[in-house]
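One structure below.
Per chain, numbering begins at 1; letters A, B, ... match sequence-line order.
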2 protein chains.
Amino acid sequence: MDRIFHALADATRRDIVARTLRDEHSVSALARLYPMSFAAVQKHVAVLQGAELVTKRRRGREQLVSGNVDTISKAAHVLDQLETLWRGRIDRIGEILADKAT
Amino acid sequence: MDRIFHALADATRRDIVARTLRDEHSVSALARLYPMSFAAVQKHVAVLQGAELVTKRRRGREQLVSGNVDTISKAAHVLDQLETLWRGRIDRIGEILADKAT
DNA sequence: AAGACGTACAACCATACAGTTGTAGATTAT
DNA sequence: ATAATCTACAACTGTATGGTTGTACGTCTT
């Protein structure tokens, strides 16, 4: 969970996730979108991949990046749990606290 | 948004948010919960406060920390937008991409 | 008044992070 | 075969992060 939130704590990476949730993009296609070097974008993709927010598949010489909505959902679930906690619906706080350790 | 996700990218801080969403806790009460110095916990609270995930109010010599569910909701909304994007329900991608810049 | 408690903040250290440039390996195109 | 494209990775730089200890100050308690 640390890695997921950390990966999302960067506007460029959130943008990459958003775009690759819609369509596959090669790394270099993504790199053209941002005012930074190819290597920098490549690192951002690696961070997202490490958090399982995107996956890559090879097509010829390029790597196609696509967003992984399941991981987004996992993160959303953690936030939902926090909201639920606030509403006081949960009495077994331990359950959620244990989950958060994920 | 960067600050919110960054603040959530740490298990100790997520734990503090969870606890303070339920009840107010003084900084030193929180500090007793974790295997680190008071100053370290104080810094975590400062990060959360900077992200507006918690607020502090004074009571005598102590500062009571309480979680801010609105900010959690804002973060959850961003994730929801990403999920929605994936489901292809949105044709105006620009709208969401602009929002993400937040 | 003195001491204990709660907090704030500075200084310091080690590590991690975001960016750069440069080099090298595959794959496609001419 | 050569050249262009796409990717991977290493090395380096500056800055941010998470932790520590130490000092100082306001607020209770006795």
Consider only side-chain heavy atoms of I, L, V, M, F, W and Y, link residues closer than 4.5 Å, and tell whether A:I4 and B:V47 are in one cluster.
no

Decide yes or no for B:T20 and B:L48: does some side-chain heavy atom of the first lie under 4.5 Å from some side-chain heavy atom of the second?
no

Please examine the side chains of B:L8 and A:L8, heavy atoms only from C-beta on, and report whether any two atoms are closer than 4.5 Å.
no

Treat primed atoms plus P, OP1 and OP2 as sugar-phosphate and everything else as base, then score nucleotides 9-22 of chain C 5' to 3': B for base contact with protein heavy atoms under 4.0 Å, S for sugar-phosphate contact only, - for none.
B-B------SBBB-

Between A:R32 and D:dC6, does any side-chain N or O lie under 4.0 Å from OP1 or OP2?
yes

Holding to side chain to side chain contact (heavy atoms under 4.5 Å, CB included), I want the full list of residues that pass it with B:E83, two or more places apart in sequence or in another chain.
A:V69, A:I72, A:S73, A:A76, B:D80, B:R87

Tell me, please, which residues at least two apart from B:Q63 pass side chain to side chain donor-acceptor pair (under 3.5 Å).
none

Take atom CZ of B:R59 as the centre, draw a 6.0 Å sphere, and report whether it contains more than 12 heavy atoms from other residues, nucleotides or ligands.
no

Give, ordered by number, those residues of residues 56-63 of chain B having at least one heavy-atom distance below 4.0 Å to an atom of DNA chain C; if nothing qualifies, reply none.
B:K56, B:R61, B:E62, B:Q63

Let me check something: any side-chain donor-acceptor pairs from residues 32-44 of chain A under 3.5 Å, sequence neighbours excluded? List them with distances.
| from | atom 1 | to | atom 2 | distance (Å) |
| --- | --- | --- | --- | --- |
| A:Y34 | OH | A:D15 | OD2 | 2.5 |
| A:S37 | OG | A:A40 | N | 3.1 |
| A:H44 | ND1 | A:R13 | NH1 | 3.2 |

A:L30 CG to D:dC6 C1', straight-line distance once rounded to whole Å:
13 Å

Using only side-chain N and O atoms of A:S28, determine if any of them is under 4.0 Å from OP1 or OP2 of D:dT7.
yes

Report the distance from atom NE2 of B:H25 to atom C1' of C:dT7, rounded to the nearest whole Å.
18 Å

Those residues that, when tested against A:R57, pass side chain to side chain donor-acceptor pair (under 3.5 Å) (two or more places apart)
A:E24

